[in-house]
2 protein chains.
Amino acid sequence: MEPQRDAVERVLAAVRGSGRTVLTAPEAKVIAEAYGIAVPAEGLAQTVEDAVALADRIGFPVALKIASPDIPHKTEAGGVRTGLGSAAEVRGAFATIVANARAYAPQARIVGVQVQQMVTHGQEVIVGTVTDPTFGKVVAFGLGGVLVEVLKDVTFRLAPATAEDAASMLDGIRAAEVLRGVRGGPAVERSALVDLIVRTSQLAADFPEIAEIDLNPVFAAADGATAADVRILLGTEAPPQRPRHGRQEILAAMRRLMRPRSVAVIGASGTPGKIGHSVLRNLLDGGFPGEIHPVHPTADDVLGRKAYRSVLDVPGEVDVAVFAIPAPLVPAALEEVGRKGVPNAVLIPSGFAETGEHALQERIVAIGAEWGVRLLGPNIYGYYSPWQDLCATFCTPYDVKGKVALTSQSGGIGMAILGFARATRTGVSAIVGLGNKADVDEDDLLTYFGEDPHTDCIAMHLEDLKDGRAFVAAARETVPKKPVVVLKAGRTGAGARAAGSHTGALAGDDAVYDDVLRQAGVIRAPGLNELLEYARALPVLPVPRGDNVVVITGAGGSGVLLSDALVDNGLRLMDVPADLDAAFRRLIPPFGSAGNPIDITGGEPPATYEAALRLGLADPRIHALVLGYWHTLVTPPAVFAELTGRVVEEFRARGIDKPVVASLAGDTEVEEAAARLFAHGVVAYPYTTEKPVAVLGAKYRWARAAGLLDT
Amino acid sequence: MEPQRDAVERVLAAVRGSGRTVLTAPEAKVIAEAYGIAVPAEGLAQTVEDAVALADRIGFPVALKIASPDIPHKTEAGGVRTGLGSAAEVRGAFATIVANARAYAPQARIVGVQVQQMVTHGQEVIVGTVTDPTFGKVVAFGLGGVLVEVLKDVTFRLAPATAEDAASMLDGIRAAEVLRGVRGGPAVERSALVDLIVRTSQLAADFPEIAEIDLNPVFAAADGATAADVRILLGTEAPPQRPRHGRQEILAAMRRLMRPRSVAVIGASGTPGKIGHSVLRNLLDGGFPGEIHPVHPTADDVLGRKAYRSVLDVPGEVDVAVFAIPAPLVPAALEEVGRKGVPNAVLIPSGFAETGEHALQERIVAIGAEWGVRLLGPNIYGYYSPWQDLCATFCTPYDVKGKVALTSQSGGIGMAILGFARATRTGVSAIVGLGNKADVDEDDLLTYFGEDPHTDCIAMHLEDLKDGRAFVAAARETVPKKPVVVLKAGRTGAGARAAGSHTGALAGDDAVYDDVLRQAGVIRAPGLNELLEYARALPVLPVPRGDNVVVITGAGGSGVLLSDALVDNGLRLMDVPADLDAAFRRLIPPFGSAGNPIDITGGEPPATYEAALRLGLADPRIHALVLGYWHTLVTPPAVFAELTGRVVEEFRARGIDKPVVASLAGDTEVEEAAARLFAHGVVAYPYTTEKPVAVLGAKYRWARAAGLLDT
């Protein structure tokens with residue numbers, strides 16, 4: 001059935017009219033029915049014979065409740081009887097509760113007796129919606145009952161949810177197996193439950209004033225799903241709306257930010273130690289081929305470049321104005337930047353919202369909005385755009401060109417990105433500080449990097465999202481093209497916030513972030529080091545074409561640990577077919593073991609590693625290889641690295657490009673071997689069996705989200 | 001009540017006599033009652049009036065079941081009625097099931113009708129025991145019902161379990177909250193449940209032939225715990241017993257192994273590239289001050305040392321014979337080693353059980369047992385004992401003396417240990433290869449390292465334990481003195497093994513390992529890299545004296561991530577008292593934030609870091625510090641490292657020694673700063689907020705297990 005919005009609006013109007021935010025059970029039920037959500041059948045009986053007839057039609061067991069506007073507490077009045085299994089029991093109960101009510105409140109107007117269906121069979125589940133501060137309306141699903149309440153086994157999706165979203169929720173809880181029927185119990189009717197979730201989420205999405213919906217319990221049975229209890233709460237205030245920019249508008253501004261032809265430095269300085277000096281120095285030293293214009297209140301020349309009193313004096317178009325002046329001077333200078341028509345202001349200064357100066361921050365936001373200037377920051381280290389030889393920051397320069405774009409909300413994390421990148425020679429397409437995110441946000445950058453031909457992977461550190469919906473939209477646009485990795489900090493801090501409903505209590509901030517980011521296809525890094533390693537390694541690895549992973553190891557011990565890591569990362573050790581198994585067996589000593597992991601044993605020469613690797617790459621049924629190298633005199637690290645790099649590149653040249661990762665167990669020479677393998681597109685790490693597999697797992701998660709895996 | 005062993009023995013004898021391994025329900029019940037495990041009351045009624053009287057005495061509701069040796073399938077015969085709530089219902093049911101039984105099997109001898117109490121209130125839980133291949137009898141506890149079956153929320157302890165063990169089980173499941181009462185439900189009677197677990201575990205321990213016990217469900221109520229159903233299975237064969245050595249015997253042999261005065265090399269060679277050459281070379285180059293005796297079939301001299309035809313020709317006592325000869329030659333040489341009275345044979349050769357040569361391995365084990373020679377290996381890289389300048393291995397030498405003893409079952413992992421140690425300059429007291437563990441096992445080494453004054457921490461890689469009970473005993477002896485870290489590989493491999501009971505199906509190998517290792521106070525490393533990092537860092541960190549952890553950070557972003565990591569590692573951000581908070585506030589800029597994390601903000605000079613650090617160390621209410629350093633021009637990495645190292649050492653000299661760990665966010669200079677901090681007893685890592693906290697978490701887990709924390 002089509003949702004009947006009118007019916008809902010009538011109820012909501014009445015509730016608002018009475019100044020309430022909590023709907024009565026009958027009001028909530030009317031709304032649920034208007035959206036086609038199955039609720040127990042009921043009817044009002046005037047006489048005992050009416051009640052019996054109603055019960056007969058509804059089906060036993062039923063509950064009887066006194067209906068009187070003057071008796072709010074029915075149970076207290078002896079006005080409720082449940083579990084009535086026969087006509088005789090209904091007759092008895094009818095007489096009793098009417099007598100009880102009369103005795104309890106002799107003046108009360110009794111309008112009749114409510115006869116309600118009692119739904120008791122099926123699996124108890126919870127469906128609800130809440131209004132999340134980041135993502136707005138989200139729908140929740142979990143198994144009902146005290147255990148799940150304790151174990152917090154619940155999953156969230158943005159509302160409205162599609163049927164596909166809802167189906168993924170049924171599989172997305174840890175106890176999913178229960179819904180499929182266990183110990184001979186029947187499976188629930190998936191389509192009915194999916195439909196109920198979709199309708200509930202649609203209801204929440206259609207009516208912004210509905211803050212929370214709680215269907216608890218829903219009885220999910222083999223033949224339908226019925227919400228036994230419906231609770232609806234209205235919100236008291238609308239969440240603040242952040243201004244939105246269109247996709248083309250965002251791209252136009254971000255292109256000029258990341259690929260500028262002309263940059264002005266407001267507060268450029270010739271005095272070493274000043275931020276305005278470092279920024280100008282980095283721009284000049286970095287070899288930026290565009291124009292660089294120092295802006296200085298008095299100087300005619302800074303570091304050998306002609307300086308201007310105001311950005312208004314700079315000749316021609318300016319794409320970016322980098323601010324290196326104290327916070328209180330920013331508004332006036334920004335005004336000039338606006339009048340000049342500069343589309344981007346990079347606001348390095350601190351001293352805004354992060355130090356409590358909210359009014360000052362609001363002021364610059366207003367100026368930016370008035371003149372159409374996009375603001376990066378304030379309170380940032382600046383940004384790097386290596387493919388433009390652009391280093392607009394006061395930090396140390398970085399110029400290794402590559403394929404990953406990194407952003408960080410925090411300056412400290414930005415410095416960790418820089419150090420890690422330099423230590424590992426990670427090639428980057430951008431490093432961007434986001435700071436207070438007064439304006440430019442992760443979604444703006446995601447939109448740009450999604451289109452940027454230099455960027456193959458995007459890695460973001462963030463503590464919050466100013467507009468979760470915009471981020472999800474940008475991520476959905478980007479993920480089919482390239483992996484998006486997010487380190488969301490503050491995972492464990494807030495916990496569940498105070499909430500008026502059951503679903504609300506379950507919706508801890510992080511639980512919602514986790515599910516919604518996954519729904520958007522984003523890879524969540526569990527920590528800083530993983531963010532950095534994924535950023536380094538994902539652009540190096542080709543896309544896997546299927547689920548079959550094979551481990552080839554020289555050390556049986558590494559093979560066991562690599563298998564553990566594969567399972568931990570949701571990967572599948574390929575069930576090696578008999579002919580392939582026989583082919584591997586021919587290469588390895590008789591006491592080695594084929595199967596998977598394939599243990600070629602420790603004493604083997606380079607030729608054995610090479611033969612196994614060639615077989616693994618050549619057979620089209622294998623989709624990814626995990627190598628476990630063991631440092632021996634017979635096959636030293638450099639030899640292993642050389643042969644592996646050579647063979648992988650040979651196959652790549654022939655169009656066979658599978659992900660190959662390696663764990664190197666050995667003396668310190670393996671460190672250089674790992675670097676060499678990385679340079680040849682093999683993701684390799686010394687002294688760990690976990691990292692190479694974690695990176696492969698991240699690549700697979702993305703490939704799955706992007707719909708690139710057949711299976 | 002005291003367990004009545006006689007009663008159990010009588011039942012078991014009868015079962016064995018009938019050639020069965022599965023006990024009938026009444027048999028199992030008799031055994032449970034003999035051990036004081038509460039089961040539903042029941043009795044046999046000959047007449048309908050008997051039945052009513054019995055039901056009256058037991059309490060309603062009751063179940064009635066036909067009792068006939070000729071009717072095994074009671075339900076099929078219509079011989080069962082449950083949920084009988086009144087005398088009238090009992091009368092009706094009695095007549096019905098007797099009539100049904102007569103109709104079903106007219107010739108059957110009907111001995112009466114069983115009247116059973118139906119226990120229906122309380123929380124359903126499962127208690128059981130299984131015989132684990134590694135640890136023998138273990139007891140299991142979990143919540144009953146389909147959800148827990150699906151979510152595998154179950155915990156294990158060695159049987160017999162103490163009351164303390166059993167109590168830790170009630171808190172050791174994820175859904176522990178349920179037992180304490182949720183949503184107004186009553187809490188279970190803990191002492192009754194604890195008692196039931198203890199008694200069940202004692203029963204399993206007392207009777208080796210009882211393979212599995214299943215009490216499922218047990219109804220745990222506010223007033224007792226009753227096993228509604230008891231299932232007992234007998235085992236068919238006894239597990240193989242591994243020979244045990246006494247503690248003094250182990251110590252005597254291990255001392256001579258790890259601190260020898262005289263070493264013979266069987267198969268010493270002057271030809272580079274041969275294992276016997278590498279071993280002798282390493283012994284000589286390592287500077288081992290004791291005697292070194294090459295044994296060679298023909299040479300008079302090897303590498304400048306007098307050689308002997310046989311170890312029997314070597315003058316004086318020999319503590320260790322290192323074997324570097326092919327496997328088939330080992331038995332004869334080992335025989336000679338035995339006759340010489342050498343207490344330790346280090347068997348480097350492969351070609352034994354790992355290549356399928358089980359008979360050869362059994363042969364050397366027999367020779368070792370006959371002559372009292374302990375065997376290390378075979379199939380190992382050898383071992384290092386740096387404090388003795390002893391390098392008895394064919395691998396590259398290692399001589400950095402320190403406090404951690406490392407062992408590995410696999411040679412590949414041994415090489416990773418070596419490379420990691422060298423790369424990080426980790427000081428070690430021993431590196432030992434265990435290989436096939438034909439004889440010397442982790443428990444032998446644990447016993448020795450527990451006593452070794454050079455060893456402050458023991459880190460072990462293992463794939464199995466040959467004698468889990470002996471390992472647990474050695475761990476329990478050692479953990480109060482020093483941390484024991486274990487990387488147990490093969491976590492995810494086997495899964496649950498085939499089992500005849502419910503509990504058996506829940507007892508996946510790894511679940512038992514995990515719980516039993518924790519019960520023994522062992523810190524389990526989740527992966528190879530963690531094993532290595534814990535090994536490096538735990539001896540560096542002092543013991544925390546309480547739970548109050550404070551984070552002091554220059555980067556707010558790191559503070560958030562460090563807080564996440566603390567929660568992930570089960571640590572507690574101290575709730576900073578008002579006076580201490582005020583003291584911190586006086587040190588930091590007004591826009592910084594005290595509380596915890598304490599954000600001193602990014603632009604601060606070294607003096608602010610130093611003042612905050614001094615306050616954190618000086619205040620006795622703070623027990624551990626986590627520092628988040630942010631690389632700035634004002635406080636460069638080397639300056640931060642210098643001041644932190646200096647201040648921590650100054651306090652240490654004054655007797656104030658708290659764990660201090662640091663996360664360094666910055667450019668590559670932070671790598672050197674981290675190394676410098678490590679050298680001063682501050683566990684520091686670049687580019688990660690997770691690792692320093694994970695190490696601190698491991699230290700806390702040990703301190704808790706060792707009973708060193710007050711709280």
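Order of the sequence lines fixes the chain letters, A, B, ..., with proteins taken first and strands second; residue numbering starts at 1 for each chain.
A distance of 7.5 Å separates CE of A/M415 from OH of B/Y629, quoted to the nearest 0.5 Å. Put simply, OG1 on B/T396 and CD on A/E669 are 8.0 Å apart, with the number rounded to the nearest 0.5 Å. Atoms CG and OG1, from B/L487 and A/T689 in turn, are 7.0 Å apart once rounded to the nearest 0.5 Å. Here CZ of A/F394 is found 8.0 Å from CG of B/L633. Values are rounded to the nearest 0.5 Å. The CG atom of B/D564 sits 7.5 Å away from atom CG of A/D510, with the distance rounded to the nearest 0.5 Å.
Contact of A/E463 with chain B is made through the side chain alone, with heavy-atom distances under 4.5 Å. At a 4.5 Å heavy-atom cutoff, the contact between B/E690 and chain A is made by side-chain atoms alone. In this structure, chain A has a heavy atom under 4.5 Å from the side chain of B/E671, while its backbone stays farther away. Neither the backbone nor the side chain of B/L664 comes within contact range of chain A; no heavy atom of the residue lies under 4.5 Å from a heavy atom of that chain.
Counting heavy-atom pairs closer than 4.5 Å to chain B, the top-ranked of the candidates A/S410, A/P590, A/A416 is A/A416. Interface check for chain A: of the options B/L561, B/T632, B/L418, the most heavy-atom pairs under 4.5 Å are formed by B/L561. Most heavy-atom pairs under 4.5 Å with chain B: of the set A/G411, A/G603, A/S350, this distinction falls to A/G411. For chain A, the option among B/G666, B/G557, B/G556 with the highest count of heavy-atom pairs below 4.5 Å is B/G666. In terms of heavy-atom pairs under 4.5 angstrom with chain A, the leader among B/S408, B/G419, B/G602 is B/G419. When the candidates A/A555, A/A423, A/A176 are compared by the number of heavy-atom contacts under 4.5 Å with chain B, A/A423 comes out ahead. For the set B/R174, B/E177, B/R422, the entry with the most heavy-atom pairs within less than 4.5 Å of chain A is B/R422.
Between B/A175 and A/L151, the shortest heavy-atom contact is N-CD2, 3.7 Å. Minimum interatomic distance between B/F420 and A/Y687 (heavy atoms only, all atoms of both residues): N-CE2, 3.3 Å.
For the side-chain contact (heavy atoms from CB on, under 4.5 Å) with B/T688, the lone residue among A/L532, A/L528, A/N529 that qualifies is A/N529.
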